[in-house]
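The figures here come from the full heavy-atom set of this structure, side chains too, leaving out hydrogens, waters and symmetry mates.
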Amino acid sequence: MPHFLIAESETPDERRARRARTGKSSGETYAATLAQMQPGCTVTIVAPSDEDAQIFEAPRLAEFDAVFLTGSPLHVYDDQPEVRRQLAFMRNVFRSGTPSFGSCAGLQVAVAAAGGTVRKMAKRMEAGISRRITATDLGRNHPLLAGRPASWDAPAIHGDEVATLPKGAILLAGNSVTQVQAAEIRCENGVFWGVQYHPELAIGEIAVALRDQAEDLVEAGLAEDVSQVFERADHLAALHRTPDSLSLRWLLGVDGEFSDEIRRRTEIRNFLDHLTSLKMMGERADGLEAAVG
């Protein structure tokens, strides 16, 4: 059975706070999702940004079948020790040739590690529901987005976004709020597939995140006051409990791409289905590099 490595970039305090709110850290949410989708898999969770974190060099990372990078409050454009450690970890992932997948800050870490740039969103946050995500011409036939319709909605909450993709990356999807919603990055020996939204999250977890960041959402202009944020969070929590409710889908303006758990996890499923071919890409890149060297 596969052995997955999950890298979370939350600080220890942030992990404790998230557990208090939702019962799980970001890495533990990913672990629960993968255990449901790939029964029998082995999962190891690490926190590369921690000061006392174990350093994973490329040969050790090559022993895993895949690496997953979680979302977090990390700002990769801040020149802080935590950020430098996280980026160094991701560069070793690329060197290892192990296929990797990331969401939200996970995408941003991979972009920055490969030479792209990330910025604070200029006008507002994207919170709750990322609307009308649309595949690019290249994204329509890319295996990461197989099974997605022409446009779809997804759980999201972020105030940072990718500004420029690294050289050779492929833009797969975007929307009117954030240009880079999905991308493929090839760097050194590795292939990364990532999304700005959160296919790993339950809708109830998004509801908790909205309540936790209610004042920030009001300041960003997404709501008139905190009570509006809590009302939206209540609707999302209700949809989490009854995902087939037509009235709640209508109220929130979503369909099964958002409310149905299997369809919400489309990108993770596609990544898992293509692990063998992605690993072979890394091995070919490593062989080519050795031949040139």
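Formation of a donor-acceptor pair under 3.5 Å by the D255 side chain with backbone atoms of E257 is found in this model. D153 places no side-chain N or O within donor-acceptor distance of the main-chain N or O of I129, the cut-off being under 3.5 Å. Under the 3.5 Å distance criterion, the side-chain polar atoms of R186 are left unmatched by any main-chain donor or acceptor of V191. Side-chain atoms of H142 never come within 3.5 Å of backbone atoms of L138 as a donor-acceptor pair (strictly under, hydrogens ignored). Listed for the S130 side chain is no donor-acceptor partner under 3.5 Å among the backbone atoms of P155. Judged by distance alone, with hydrogens and angles left aside, the side-chain atoms of S25 form a donor-acceptor pair with the main-chain N or O of E28 at under 3.5 Å. Within the 3.5 Å criterion, the main-chain N or O of P243 finds a donor-acceptor partner in the side chain of R249. Between the side chain of N189 and the main chain of S96, no donor-acceptor pair closer than 3.5 Å is present. Side-chain N or O atoms of T178 include none that pairs as donor or acceptor with a backbone N or O of V180 at under 3.5 Å. A side-chain donor-acceptor contact under 3.5 Å links E8 to the backbone of G27.
With a 4.5 Å cut-off on side-chain heavy atoms, R131 and E126 do not count as touching. A heavy-atom distance below 4.5 Å is not found between the side chains of I157 and L201. In this structure, I268 and L34 have side chains that are in contact, with non-hydrogen atoms separated by less than 4.5 Å. In this structure, S100 and M90 have side chains that are in contact, with non-hydrogen atoms separated by less than 4.5 Å.
Between L275 and A66, the closest heavy-atom pair is CD2-CB, 3.7 Å. Across all non-hydrogen atoms, the minimal contact from A112 to V76 is CB-CG2, 4.2 Å. Closest approach of L236 to L252, counting heavy atoms only: CD2-CD1, 3.9 Å. L74 and Q86 get closest at one heavy-atom pair: CD2-CG, 4.1 Å. Here the closest non-hydrogen pair linking L210 and A127 is CD2-CB, 3.9 Å. Counting all heavy atoms, side chain and backbone alike, F230 lies closest to A214 at CE1-CB, 3.8 Å.
The pair D79-R84 counts as a salt bridge, with a side-chain nitrogen and a carboxylate oxygen less than 4.0 angstrom apart. A salt bridge links R15 with D50; the closest basic N to acidic carboxylate O contact falls under 4.0 Å. Ion pairing between K120 and D160 fails under the 4.0 Å rule for side-chain N and carboxylate O. Comment: E10 does not engage R19 in a salt bridge, judged by the lack of any side-chain N to carboxylate O separation of less than 4.0 angstrom.
Within the model, atoms CD of Q54 and CZ of F89 stand 10.0 Å from one another, a figure rounded to the nearest 0.5 Å. One finds the CD atom of E188 at 5.0 Å from the CZ atom of R95 (value rounded to the nearest 0.5 Å). In this structure, the separation between CD on E63 and OG1 on T44 is 10.5 Å, given to the nearest 0.5 Å. Here the CZ-CG distance, from R148 to L172, works out to 13.0 Å after rounding to the nearest 0.5 Å. Remark: D225 CG to E231 CD distance equals 9.5 Å, nearest 0.5 Å. Of the inter-residue distances, the one linking D216 atom CG with L222 atom CG reads 10.0 Å to the nearest 0.5 angstrom.
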### Task
Please step through side chain to side chain contact (heavy atoms under 4.5 Å, CB included) for the pair L107 and V162, ending with a clear verdict.
CA-CA 8 Å; L107 168 65; V162 174; 4.1 Å; yes

### Query
side chain to side chain donor-acceptor pair (under 3.5 Å) between Q196 and Q108: does it pass, once the steps are laid out?
CA-CA 8 Å; Q196 183 57 63; Q108 295 164 14; 3.2 Å; yes

### Candidate pair L165 and V111, rule side chain to side chain contact (heavy atoms under 4.5 Å, CB included), full reasoning
CA-CA 6 Å; L165 285 168; V111 164; 4.0 Å; yes

### Message
Run Q80 and S49 through side chain to side chain contact (heavy atoms under 4.5 Å, CB included) and show every step you take.
### Response
CA-CA 10 Å; Q80 301 291 337; S49 64; over 6 Å; no

### Task
Decide yes or no on side chain to side chain donor-acceptor pair (under 3.5 Å) for Y197 and E267, but give the supporting numbers first.
CA-CA 10 Å; Y197 42 99; E267 291 81 3; 2.8 Å; yes

### Task
Please test V208 against I206 for side chain to side chain contact (heavy atoms under 4.5 Å, CB included), starting from the C-alpha separation and ending with a verdict.
CA-CA 5 Å; V208 171; I206 287 291; over 6 Å; no

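A chain of hydrophobic side-chain contacts below 4.5 Å, direct or via other Ile, Leu, Val, Met, Phe, Trp or Tyr residues, connects M37 to F101. Linking Ile, Leu, Val, Met, Phe, Trp and Tyr residues whenever their side-chain heavy atoms come within less than 4.5 Å places I203 and V229 in a single cluster. No continuous path of hydrophobic side-chain contacts links V109 to I45 [ILVMFWY only; heavy atoms under 4.5 Å]. Cluster annotation: L61 is not connected to L278 through the hydrophobic network of ILVMFWY side chains, with a link wherever side-chain heavy atoms come within less than 4.5 Å. When the side chains of ILVMFWY residues are joined at heavy-atom separations under 4.5 Å, either directly or via intervening members, V43 and L272 end up in a single hydrophobic cluster.
Judged by distance alone, the side chains of T11 and E14 do bring a donor and an acceptor atom under 3.5 Å apart. Using modelled atom types, one finds no donor on one side chain facing an acceptor on the other under 3.5 Å when comparing R85 with S9. Residues S151 and T134 have side chains that never bring a donor and an acceptor to within less than 3.5 angstrom of each other. A donor and an acceptor atom, one from each side chain of E161 and Q181, are nowhere located under 3.5 Å apart. Remark: the S103 side chain and the E200 side chain contain an N/O donor-acceptor pair separated by less than 3.5 Å.
Checked options T29, D13, D212; the residue passing with R18 is T29 (criterion: side-chain hydrogen bond (donor to acceptor under 3.5 Å, both in side chains)).
Sequence neighbours left out, the pairs with a member in residues 40-82 that pass ring-ring contact (aromatic ring centres under 6.0 Å, His included) are H3-F64, F4-F68, Y30-F68, F68-F271, H75-Y77. Screening residues 31-52 for ring-ring contact (aromatic ring centres under 6.0 Å, His included), with sequence neighbours left out, gives no hits.
With sequence neighbours excluded, no residue forms a ring pair (Phe, Tyr, Trp, His ring centres under 6.0 Å) with H158.
Atom CG of N141 sits in a sparse spot, with 12 or fewer heavy atoms from other residues, nucleotides or ligands closer than 6.0 Å. Residue E215 places its CD atom among 12 or fewer non-hydrogen atoms of other residues, nucleotides or ligands, all under 6.0 Å distant. Taking a 6.0 Å sphere around CZ of R132, one finds it holds 12 or fewer heavy atoms contributed by other residues, nucleotides or ligands.
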